[in-house]
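All remarks here apply to the structure that follows.
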Amino acid sequence: MTVQLVEQLKSLDQKHFLHPTSSIEEQQIYGPAAIFCEGKGIYLKDLGGKTYIDGMSSLWNVNIGHGRTEIAEVAKEQMEKLAFSSCFATFSNEPAIKLAAKIAQMAPGDLNTVFFTSGGSESNDTAIKLARHYWILKGQPNRQKIISRTLSYHGVAFGSTNATGIEGFRKFTNSPAPDFYYVNKDSAAELRKLILELGPENVAAFISEPVQGAGGVNVPKPDYFKEVRQICDEYGVLFIADEVITGFGRTGKNFGIEHFGVVPDMMTFAKGVSSGYVQLGGVLISEKIHKDLCALSKGILMHGYTYSGHATACAVGLKNIEIIEREGLVQNAKEMGDEMLKGFQALQKKYDFIGKVRTFGLLGAIEFVKNRETGERFDPLLSPIAVKEMVKRGLILRTVTYDQDTLVFSPPLIITKDELNDILRIVDETLAYLQNEVVVKGAK
């Protein structure tokens, strides 16, 4: 690829492409960080020929890795036969029906019926709307309020933005929606207190990720969700599990909530259902909610997306799940997650500026602190520097800096021990650089 073409694309990018969740200022100064042209396994390649380890599965989602020809083949076959047809007015298609049945079979408890979307933000918006609509049908229209946790992330559509517990996303505009509330991410007691303050008769649902992703890979206490389930049952509040990141094997089980021994009333999903090969998401609802909807709903369900039940997307989803099951990727996520934790702990012993480390399947986090005892952080924070240095060394990771200084990991579920060791080696090299060039020099 010629330098001239790269420069041409860079210029076009700056002029015509407004990037999602990016610094517009950085894009206009430096252009795109990389222009990717190829992916294979856990690796990405840019137009300049440089290869990177995709330590984040791009956006927590490329579970089966890049470049799977099986996916391309099934998409081609479905597109040639029926690329898309509307699922409005009860029209249907074979891949949507089969994928709904497959996901219901995989899901815990009585989660048995699927509403399809194009992604996670739409899925959480849908769950919020379905919860409120459900209470209208049940004769309790005042149940409108939605409660979520601090540092939660539920998407960037209007409802899902307002459910997100990371304040910066909500401050993006100056028109927050009413009836959204937030409780401390670690306290079930605060959830009970808030429900009582708001009045249980006014609360529609509580929404939570089993493990918070974009908030810093925050793992709840073992009994947290059992307490949440009990509180929701006590006050008649619906419990929505946001499995957009944690679903389809990421945590070492099919769905993250399975680790905690409870079944939600609704479960949202996206990302890993198609491993990012096509846009796909959805909401699972319980048998009880579905039966109530069937009994009480009259006329049209006034909610639906053009691509709900998209035939090609659903065909890809079916093949993706087949690969996850056939290759034992759920078990591999558990085993490699255990190995990743061992690697983190070794680094923690080696570098004094590492605070807490944690993994949950193939979700991981390393926190940076100036002082382990007090939790004091560096100024400037280390994780953004680390991410930029790792890119130079061929590793893509992500930083979380909302009231923390955290490096997060989410490699593809296909990762091998040798590939994981390559990640840990680059992390080690980068931390050694930080030790010498930032920590020591900064202390002088």
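It should be emphasised that the depicted structure is a prediction, and the values quoted were computed from it without experimental measurement. The chain is numbered in sequence order, starting from 1.
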Sidechain-backbone polar pair: Tyr433 side chain, Met390 backbone, donor-acceptor under 3.5 Å: no
Side-chain heavy-atom pair Arg372, Gln348 within 4.5 angstrom cut-off: yes
Flag for Ser148-His154: side-chain donor and acceptor within less than 3.5 Å: no
Apply side-chain hydrogen bond (donor to acceptor under 3.5 Å, both in side chains) to residues Thr117 and Ser123 and explain how you reach the verdict. CA-CA 6 Å; Thr117 72; Ser123 296; 2.8 Å; yes
Students often mix this up, so state it plainly: with edges at 30° and 60°, are the rings of Phe409 and Phe344 parallel, tilted or perpendicular? tilted
Please answer whether the main-chain N or O of Ser118 pairs with a side-chain N or O of Glu122 as donor and acceptor at a distance below 3.5 Å. yes
Please check if the side chain of Thr374 supplies one atom and the backbone of Glu376 the other of a donor-acceptor pair under 3.5 Å. yes
When you measure from the side chain of Glu335 to the backbone N and O of Asn332, does any donor-acceptor pair fall under 3.5 Å? no
Determine whether a donor-acceptor pair (N or O, by modelled atom type, separation under 3.5 Å) exists between the side chain of Arg132 and the backbone of Gln144. yes
Could you give the distance from CG (Asp428) to CZ (Arg393), rounded to the nearest 0.5 Å? 11.0 Å
Under the criterion ring-ring contact (aromatic ring centres under 6.0 Å, His included), I'd like the reasoning laid out for Phe169 against Tyr153: C-alpha separation, chi angles, the key distance, then a yes or no. CA-CA 9 Å; Phe169 286 98; Tyr153 178 81; 5.1 Å; yes
Nearest 0.5 angstrom please: Gln105 CD to Asn112 CG, how far? 10.5 Å
Would you say Glu25 has more than 12 foreign heavy atoms packed within less than 6.0 Å of its CD? no
Decide side-chain hydrogen bond (donor to acceptor under 3.5 Å, both in side chains) for Arg149 and Asn184; before the verdict, give the C-alpha distance in whole Å, the side-chain angles of both, and the deciding distance to 0.1 Å. CA-CA 6 Å; Arg149 299 162 68 199; Asn184 181 286; over 6 Å; no
Any donor-acceptor N/O pair, Thr312 side chain to Gln78 backbone, under 3.5 Å: no
Glu243/Thr246 under side-chain hydrogen bond (donor to acceptor under 3.5 Å, both in side chains): CA gap, chis, key distance, verdict: CA-CA 5 Å; Glu243 295 270 3; Thr246 51; 2.6 Å; yes
Around atom CG of Leu18, are there more than 12 heavy atoms from other residues, nucleotides or ligands closer than 6.0 Å? no
Kindly indicate whether a cation-pi arrangement holds for Arg192 with Phe206, taking the cut-offs as under 6.0 Å to the six-membered ring centre and within 45° of the axis. no
Option among Thr161, Asp242, Thr164 that satisfies the side chain to side chain donor-acceptor pair (under 3.5 Å) test with Asn124: Asp242
Are any non-hydrogen side-chain atoms of Ile103 and Leu284 less than 4.5 angstrom apart? yes
Whether the side chain of Asn162 engages the backbone of Phe158 through a donor-acceptor N/O pair (distance < 3.5 Å, no angle test) should be reported. yes
Looking at Arg326 and Glu70, is there a salt bridge between them, counting it only when a charged N and a carboxylate O are closer than 4.0 Å? yes
Of all residues at least two apart in sequence or in a different chain, which pass the side chain to side chain contact (heavy atoms under 4.5 Å, CB included) check with Ile35? Leu9, Pro32, Leu47
Could you please spell out the steps behind the ring-ring contact (aromatic ring centres under 6.0 Å, His included) verdict for Phe116 and Tyr307? CA-CA 8 Å; Phe116 285 115; Tyr307 298 126; over 10 Å; no
Run Glu73 and Lys319 through salt bridge (charged side-chain N to carboxylate O under 4.0 Å, His left out) and show every step you take. CA-CA 10 Å; Glu73 288 164 1; Lys319 179 58 68 173; over 6 Å; no
Take Lys193 and Glu190 through the salt bridge (charged side-chain N to carboxylate O under 4.0 Å, His left out) test and state the conclusion after the steps. CA-CA 5 Å; Lys193 180 182 177 183; Glu190 279 203 18; over 6 Å; no
Can you label the angle between the Phe225 ring and the Phe260 ring as parallel, tilted or perpendicular, going by 30° and 60°? tilted
Apply salt bridge (charged side-chain N to carboxylate O under 4.0 Å, His left out) to the pair Asp179 and Lys145, showing each step before the final yes or no. CA-CA 5 Å; Asp179 293 324; Lys145 301 184 187 302; 2.8 Å; yes
If you draw a 6.0 Å radius around CD in Glu197, do more than 12 non-hydrogen atoms from other residues or ligands fall strictly inside? yes
Apply ring-ring contact (aromatic ring centres under 6.0 Å, His included) to residues Tyr52 and Tyr43 and explain how you reach the verdict. CA-CA 6 Å; Tyr52 305 78; Tyr43 301 99; over 10 Å; no
What distance do Thr430 atom OG1 and Leu395 atom CG have between them, rounded to the nearest 0.5 Å? 7.0 Å
Any side-chain heavy-atom pair from Val263 and Asp110 closer than 4.5 angstrom? yes
Just by distance, do the side chain of Gln212 and the backbone of Thr150 share a donor-acceptor pair under 3.5 Å? yes
CD of Gln230: more than 12 outside heavy atoms within 6.0 angstrom? no
Atom CD1 of Ile289 and atom CG of Leu130: how far apart are they, to the nearest 0.5 Å? 8.5 Å
Against Leu382, only a single residue in Val369, Leu407, Val439 fulfils side-chain contact (heavy atoms from CB on, under 4.5 Å); can you say which? Val439
Might you confirm whether atom CZ of Phe17 has over 12 heavy atoms from other residues, nucleotides or ligands at distances under 6.0 Å? yes
Could you tell me the separation between the CD atom of Gln404 and the NZ atom of Lys356, rounded to the nearest 0.5 Å? 11.0 Å
For the residue pair Tyr305 and His303, categorise the inter-ring angle as parallel (less than 30°), tilted (30 to 60°) or perpendicular (more than 60°). perpendicular
What residues form a ring pair (Phe, Tyr, Trp, His ring centres under 6.0 Å) with Tyr402, not counting sequence neighbours? none
Check the surroundings of atom CD in Glu327: do more than 12 heavy atoms from other residues, nucleotides or ligands lie under 6.0 Å from it? yes
Might you point out which heavy atoms bring Ala127 and Val283 nearest each other, and give the distance in Å? N-CG2, 4.0 Å
With rounding to the nearest 0.5 Å, note down the distance linking CD1 in Ile207 to CE in Met267. 12.5 Å
Take Lys129 and Asp125, measure what salt bridge (charged side-chain N to carboxylate O under 4.0 Å, His left out) needs, and give me the verdict at the end. CA-CA 6 Å; Lys129 290 178 73 174; Asp125 255 34; over 6 Å; no
Kindly confirm or rule out a cation-pi arrangement of Arg170 over Tyr182, judged by NZ or CZ under 6.0 Å from the six-membered ring centre and within 45° of its axis? yes
Can you tell me if Arg398 uses its side chain to pair, donor with acceptor, with the backbone of Gly55 under 3.5 Å? no
Where is the tightest heavy-atom contact between Phe239 and Ile257, given as atom of each residue plus distance? CZ-CD1, 4.0 Å
Main-chain N/O of Ser58 paired with Asp54 side-chain donor or acceptor, under 3.5 Å: yes
Is there a side-chain hydrogen bond (donor to acceptor under 3.5 Å, both in side chains) between Asn63 and Ser275 once you walk through the steps? CA-CA 5 Å; Asn63 287 7; Ser275 289; 5.1 Å; no
